Amino acid sequence: MDLDLFSTDRDYLRQVQYGSANNLNARIQIHKRFTKSTQAWEDFIFEHLPDLSGKRLLALGCGNATQWRVNQHRFVSDARIVLTDLSEGMLAEARADLVGDNRFTLLCMDAADLEFEDNSFDFVTANHMLYHVPDIAQTLAEVTRVLKPDGAMMAATNGANYMVDLDLLLTEFWAEYGGLHTMSLKFNLLNGAEQLQAWFGEVEKKLYSGDLWVTEAQPLVDYAFSLPRVQQLIPLDQRDAMRVFFQARIDQSGAILIRKETGLFLARQPKKA
């Protein structure tokens with residue numbers, strides 16, 4: 001497959017990259033264990049959600065619903081939260097934790113073709129997923145359709161140079177790798193506001209502060225081999241050699257610093273067709 005298609009090819013995303021939660025979990029774990037920040041990412045997300053008392057929230061591309069599972073105890077009893085993802089394999093992990101909680105409904109659904117009535121949600125989230133949809137404008141049209149007139153949206157994403165330090169290391173390890181591993185170039189912190197402004201009257205950007213300080217080689221290898229570009233360009237039999245390469249850098253400096261660029265947009269005043 002053309003590497004440029006990895007971020008949006010529906011069959012690849014549904015069956016390979018997100019056929020199960022394994023790849024995503026490898027990425028979540030390295031952020032959870034090695035991010036240096038005064039605030040956990042899940043707390044940052046919750047802080048920017050509205051009061052959901054008596055409200056309906058729709059989460060697009062929720063993956064294995066880590067953000068929702070971690071914050072499960074914090075949601076009010078009368079909130080109604082609909083979690084959707086393109087891949088049933090991603091939802092399977094979430095179902096076990098959320099079963100029996102009548103605040104949550106989990107549905108396998110394409111964000112570009114939402115099976116909901118107009119004006120049926122108070123808030124929509126599209127966190128780290130808009131860069132995966134083939135047509136962002138079509139998806140945002142669906143978002144504004146299902147939002148109530150006074151509704152709002154959250155869209156988390158990465159910067160254009162997200163974790164570029166890792167790309168430099170991977171290229172040093174395997175010259176043929178050369179390039180950016182990030183899948184978020186279509187919708188990132190630089191170009192996302194302009195895309196949202198076509199569909200919302202007000203767009204605000206919030207940045208998350210926290211870089212990676214990785215002190216163990218194996219989790220970084222696991223992260224690397226969860227990435228489409230690495231999976232396609234670096235043979236699996238190089239895992240041990242990559243671990244030795246990363247460990248040498250850790251031994252030299254005490255850790256590997258990988259700068260992140262992450263944040264979210266809050267979009268209000270949906271423009272109705």
Side-chain angles (χ1 to χ4, degrees), residues 7-8 10 13-14 18 45-69 71-72 74-88 90-91 94-95 98 101-157 184 186-187 191-206 263-273:
S7 64
T8 59
R10 312 309 265 165
L13 293 172
R14 184 187 293 110
Y18 298 123
I45 291 294
F46 187 83
E47 174 185 295
H48 291 97
L49 291 174
D51 178 3
L52 293 179
S53 300
K55 302 291 182 65
R56 294 189 75 208
L57 180 147
L58 170 65
L60 303 180
C62 71
N64 62 355
T66 293
Q67 294 161 15
W68 308 99
R69 291 153 62 193
N71 286 319
Q72 183 178 1
R74 304 168 80 171
F75 295 114
V76 294
S77 60
D78 61 345
R80 292 297 176 262
I81 300 170
V82 180
L83 305 179
T84 69
D85 198 87
L86 182 68
S87 167
E88 183 59 50
M90 293 297 289
L91 294 173
R95 291 188 190 281
L98 299 175
D101 189 332
N102 62 12
R103 295 171 298 178
F104 292 91
T105 302
L106 281 70
L107 299 172
C108 190
M109 189 177 300
D110 190 332
D113 186 19
L114 298 177
E115 301 167 19
F116 303 110
E117 295 181 357
D118 296 357
N119 306 315
S120 53
F121 289 94
D122 300 282
F123 200 80
V124 173
T125 66
N127 291 339
H128 288 102
M129 62 78 61
L130 280 176
Y131 42 74
H132 283 317
V133 302
D135 189 334
I136 294 174
Q138 179 182 346
T139 298
L140 292 177
E142 281 289 271
V143 168
T144 56
R145 179 184 66 79
V146 301
L147 271 176
K148 296 177 181 179
D150 60 349
M153 177 188 189
M154 171 192 292
T157 189
S184 53
K186 279 184 58 181
F187 184 90
N191 62 27
E194 182 178 3
Q195 296 181 69
L196 289 168
Q197 285 164 355
W199 300 94
F200 292 88
E202 177 186 329
V203 177
E204 181 180 10
K205 180 163 62 176
K206 301 284 187 178
L264 57 82
F265 293 104
L266 294 174
R268 306 176 183 88
Q269 302 171 16
K271 299 177 182 178
K272 298 292 187 177

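Because the structure is a prediction, the values reported are computed rather than measured. Values below: every heavy atom of this structure, side chains too, minus hydrogens, waters and symmetry copies.
Defined by atom type and a distance below 3.5 Å, a donor-acceptor pair is missing between the side-chain atoms of N191 and K186. Between the side chains of D51 and S53, a donor-acceptor pair is found at a separation under 3.5 Å. Between the side chains of N71 and Q67, no donor-acceptor pair is found at a separation under 3.5 Å.
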May I have the step-by-step check of side chain to side chain contact (heavy atoms under 4.5 Å, CB included) for L57 and D122, ending in yes or no?
CA-CA 6 Å; L57 180 147; D122 300 282; over 6 Å; no
Residue pair I81, F75: steps toward the side chain to side chain contact (heavy atoms under 4.5 Å, CB included) verdict:
CA-CA 9 Å; I81 300 170; F75 295 114; 3.8 Å; yes
Decide side chain to side chain contact (heavy atoms under 4.5 Å, CB included) for M153 and T144; before the verdict, give the C-alpha distance in whole Å, the side-chain angles of both, and the deciding distance to 0.1 Å.
CA-CA 9 Å; M153 177 188 189; T144 56; over 6 Å; no
List the steps and the verdict of side chain to side chain contact (heavy atoms under 4.5 Å, CB included) for M154 and I45.
CA-CA 9 Å; M154 171 192 292; I45 291 294; 4.0 Å; yes
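Summarising the geometry of F265 relative to A193, their closest heavy-atom pair is CZ-N, 3.5 Å, with the distance given to 0.1 Å. Taking every heavy atom of both residues into account, R103 and D101 meet most closely at NH2-OD2, 2.6 Å. When all heavy atoms of F187 and T157 are compared, the closest pair comes out as O-OG1, 2.6 Å. Residues L91 and T84 share a closest heavy-atom pair of CD2-C, 4.5 Å. Residues Q195 and W199 share a closest heavy-atom pair of O-CD1, 3.5 Å. The heavy-atom pair separating A156 from N127 by the smallest distance is N-OD1, 3.0 Å.
Between the side chain of E202 and the main chain of Q269, no donor-acceptor pair closer than 3.5 Å is present. Put simply, the side chain of K271 gets close to the backbone of Q197: a donor and an acceptor are under 3.5 Å apart. Remark: side-chain polar atoms of R145 are not paired, donor with acceptor, to backbone N or O of L140 under 3.5 angstrom.
Annotation: the span from N119 atom CG to L147 atom CG amounts to 8.5 Å, rounded to 0.5 Å. Rounding to the nearest 0.5 angstrom, the gap separating the CD atom in E115 from the SG atom in C108 is 9.5 Å. The CZ atom of F123 sits 6.0 Å away from atom CG of L266, with the distance rounded to the nearest 0.5 Å. Here the CZ-CZ distance, from R74 to F46, works out to 5.0 Å after rounding to the nearest 0.5 Å. One finds the OG atom of S184 at 9.0 Å from the NE2 atom of H132 (value rounded to the nearest 0.5 Å). Rounding to the nearest 0.5 Å places CG of L83 at 12.0 Å from CE of M90.
Under the 4.5 Å side-chain criterion, counting only non-hydrogen atoms from C-beta, L58 is not in contact with V143. Proximity of F104 to Q72: side-chain heavy atoms (C-beta onward) are separated by under 4.5 Å at one or more points. In this structure, R95 and E88 have side chains that are in contact, with non-hydrogen atoms separated by less than 4.5 Å. A 4.5 Å side-chain heavy-atom check between L107 and F116 finds at least one atom pair inside the cut-off.
Both the sub-6.0 Å distance and the 45° axial angle are satisfied by R56 relative to the ring of F121.
Exactly one of D85, L114, D110, L86 qualifies for a side-chain contact (heavy atoms from CB on, under 4.5 Å) with L60. That residue is L114.
For K206 and E47, the salt-bridge test fails: no basic side-chain N is under 4.0 Å from an acidic carboxylate O. D150 has no carboxylate O lying under 4.0 Å from a charged side-chain N of K148, or vice versa, which leaves the two without a salt bridge.
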